Engineer: 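Sharing a structure below in structure tokens format, with a few things to ask.
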There are 2 protein chains.
Amino acid sequence: MATSAPDQLSPRAREIVAAARELLEQDGAAGLSMRGVAERVGIRAPSIYKHLPDKEALEDAIISDGFAELAAVFAPALAARDPLSELAAAYRRFASAHPHLYRLMTERPLRRERLAPGAEEAAAGPVIAAVGGDEHLARAVWAFAHGMTILELNGRFPPGADLDAAWERGIAAFRG
Amino acid sequence: MATSAPDQLSPRAREIVAAARELLEQDGAAGLSMRGVAERVGIRAPSIYKHLPDKEALEDAIISDGFAELAAVFAPALAARDPLSELAAAYRRFASAHPHLYRLMTERPLRRERLAPGAEEAAAGPVIAAVGGDEHLARAVWAFAHGMTILELNGRFPPGADLDAAWERGIAAFRG
DNA sequence: GTCTATATCAAGATAGAC
DNA sequence: GTCTATCTTGATATAGAC
């Protein structure tokens with residue numbers, strides 16, 4: 001039986017996780033059902049349980065992959081002339097490209113012990129570095145970026161609102 | 001049959017909305033079922049439909065009330081010496097006192113046509129005023145406040161993180 | 001490792017009697 | 001305006017045969 005750390009998944013389990021990721025990105029978390037995942041793989045839902053213990057394990061694997069990908073898009077931004085702006089732009093692009101994945105990654109408490117080790121830190125590190133090591137300021141910046149992102153995904157800004165301008169105002173404020 | 005604007009609800013419908021609000025605040029949106037609401041009122045679930053068209057109308061009424069309450073706690077903050085800090089503190093207190101209501105109010109697109117007229121504007125106006133009328137900046141500030149709030153509610157900050165400090169850093173940045 | 005059959009649960013909403 | 005009875009849908013997960 002598969003364990004929960006993503007790196008230790010069997011090849012077949014990874015296929016199932018990949019199918020689940022596709023289904024999530026297409027239909028959102030509400031559409032992510034064991035039946036739906038199984039259908040994409042070409043098997044029946046109960047067969048999934050031979051490879052993964054339960055639906056939570058499936059979600060955790062997707063989330064863990066998401067953090068690794070976020071860390072990967074952050075890495076080059078740190079080397080730019082204006083790291084904070086580049087990080088913000090990368091963050092925004094990531095959420096825009098994978099809105100349902102982004103929701104899954106942020107809308108629930110992290111089960112940190114079930115993620116790939118270091119995945120969260122790899123994504124958080126660049127932000128702390130970009131603000132000069134002040135972790136309080138880094139959290140404020142993250143809150144701003146997440147707020148802009150999730151309020152947009154939730155359709156909470158008025159139609160026609162200039163969100164580029166709002167992002168710029170926020171980044172400018174935090175750049176000091 | 002009841003219409004959707006909260007002010008036009010019948011007295012019995014208002015009783016049902018009040019019960020729903022209690023249930024929401026206790027169990028969250030996932031626990032807000034028509035059966036559960038009915039039980040609190042002392043009737044059976046199908047009877048609710050004689051007073052409100054569907055579950056969405058129930059939620060819209062709760063959300064509309066929430067905006068009115070948020071506007072009410074904002075009003076005195078505007079008169080303070082440091083309006084931005086006071087607004088942020090009021091926002092944080094509101095969300096902390098009514099976490100499930102806060103989620104319901106922010107996690108989905110607003111059906112603005114079904115809210116009490118002016119409810120959203122009454123809550124947004126003070127923020128715009130506090131930043132000197134710059135709507136882009138106001139959106140950035142709101143995003144920061146929402147980000148801090150929802151990331152805390154979602155349990156996303158590390159245990160022991162000094163969130164007072166993060167709030168202060170953010171407000172300081174936006175105060176300029 | 002896959003299947004069928006099933007247990008279990010819970011939800012929103014409607015029909016029609018009273 | 002309330003009730004009982006029911007429809008319809010959908011979910012996670014288990015048992016046990018092959």
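Predicted model, so just to flag it, every value in this text is computed and none were measured.
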Engineer: Measure CD1/B/Ile43 against P/D/dC3 and give the value in whole Å, please.
Structural biologist: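 Rounded to whole Å, this separation is 6 Å.
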
Engineer: Considering non-hydrogen atoms only, spot the tightest contact between A/Phe144 and A/Ala166 and give its length.
Structural biologist: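 Shortest heavy-atom contact: CZ-O, 3.9 Å.
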
Engineer: Tell me the interatomic distance from A/Asp54, atom CG, to D/dA11, atom P, rounded to whole angstroms.
Structural biologist: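 Result: 17 Å.
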
Engineer: Could you label the plane-to-plane angle of the B/Phe174 and A/Phe174 rings as parallel, tilted or perpendicular, counting under 30° as parallel and over 60° as perpendicular?
Structural biologist: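 Rings of B/Phe174 and A/Phe174: perpendicular, as their planes differ by over 60°.
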
Engineer: Could A/Asp60 and A/Lys55 be called an ion pair, given the rule that one side-chain N must be under 4.0 Å from one carboxylate O?
Structural biologist: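 No salt bridge links A/Asp60 with A/Lys55.
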
Engineer: Decide if atom CD of A/Glu39 counts as having more than 12 heavy atoms of other residues, nucleotides or ligands within a radius under 6.0 Å.
Structural biologist: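 No, not enclosed.
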
Engineer: How many Å lie between CZ on B/Arg44 and C1' on D/dT6, as a whole number?
Structural biologist: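 Distance check: B/Arg44 CZ to D/dT6 C1' gives 15 Å.
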
Engineer: Determine whether a donor-acceptor pair (one donor, one acceptor, N or O, separation below 3.5 Å) exists between the side chain of B/Arg35 and the base of C/dG12.
Structural biologist: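 A donor-acceptor contact between them is present.
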
Engineer: For the side chain of B/Tyr49, starting at C-beta, report the closest nucleotide among D/dT12, C/dT14, D/dT2.
Structural biologist: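 The nucleotide sitting nearest to the side chain is C/dT14.
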
Engineer: Using whole Å, what does the distance between atom C1' of nucleotide D/dA11 and atom CD of A/Glu39 come to?
Structural biologist: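 Going from CD in A/Glu39 over to C1' in D/dA11 covers 15 Å.
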
Engineer: Is the number of heavy atoms from other residues, nucleotides or ligands within 6.0 Å of CZ (A/Arg44) greater than 12?
Structural biologist: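 No - once you tally the heavy atoms of other residues, nucleotides and ligands closer than 6.0 Å, there are 12 at most.
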
Engineer: Go through residues 20-27 of chain B and report each residue with a non-hydrogen atom lying under 4.0 Å from DNA chain D, sorted by number.
Structural biologist: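 Going residue by residue through residues 20-27 of chain B, none turns out to have a heavy atom under 4.0 Å of DNA chain D.
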
Engineer: Grab the CE-P distance between B/Met34 and C/dA13 for me, whole Å please.
Structural biologist: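 Between P of C/dA13 and CE of B/Met34: 6 Å.
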
Engineer: Just how far, in rounded Å, is P of D/dA13 from CG of A/Leu52?
Structural biologist: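 So the two atoms are 11 Å apart, to the nearest Å.
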
Engineer: Among the nucleotides C/dT2, D/dG1, C/dA15, which one has an atom lying closest to any side-chain atom of B/Pro46?
Structural biologist: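 Output: C/dA15.
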
Engineer: Please give the angle, rounded to 10 degrees, between the axes at the start and the end of the helix from C/dG1-D/dC18 to C/dC18-D/dG1, where five pairs define each axis.
Structural biologist: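 Terminal axis comparison yields 10°.
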
Engineer: Indicate whether the side chain of A/Arg114 and that of A/Ser64 have a donor and an acceptor atom separated by less than 3.5 Å.
Structural biologist: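 Checked: A/Arg114/A/Ser64 side chains show no N/O donor-acceptor pair below 3.5 Å.
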
Engineer: With a 4.0 Å cut-off on heavy atoms, is B/Ser47 in touch with a base, just the backbone sugar-phosphate, or nothing at all?
Structural biologist: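 Base, at least one base heavy atom under 4.0 Å.
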
Engineer: For A/Tyr102 and A/Tyr91, I'd like to know if the aromatic rings sit close, meaning centre-to-centre distance below 6.0 Å.
Structural biologist: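 Yes: the rings meet the under 6.0 Å criterion.
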
Engineer: Is it the case that more than 12 heavy atoms not belonging to A/Glu56 sit under 6.0 Å from its CD atom?
Structural biologist: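 Check passes, neighbour count above 12.
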
Engineer: Please report the distance, rounded to the nearest Å, between NE2 in A/His51 and P in D/dT14.
Structural biologist: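 After rounding, the gap between these two atoms is 15 Å.
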
Engineer: Is the shortest distance from a Lys or Arg side-chain nitrogen in B/Arg139 or A/Asp162 to a carboxylate oxygen in the other one below 4.0 Å?
Structural biologist: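 No, no charged N to carboxylate O under 4.0 Å.
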
Engineer: Indicate, with a heavy-atom threshold strictly under 4.0 Å, whether B/Ile48 touches base, sugar-phosphate, or nothing.
Structural biologist: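 No contact at all - B/Ile48 keeps every heavy atom at 4.0 Å or more from the nucleic acid.
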
Engineer: Could you tell me how far apart A/Lys50 (NZ) and C/dC3 (P) are, to the nearest whole angstrom?
Structural biologist: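 Interatomic distance, NZ of A/Lys50 to P of C/dC3: 12 Å.
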
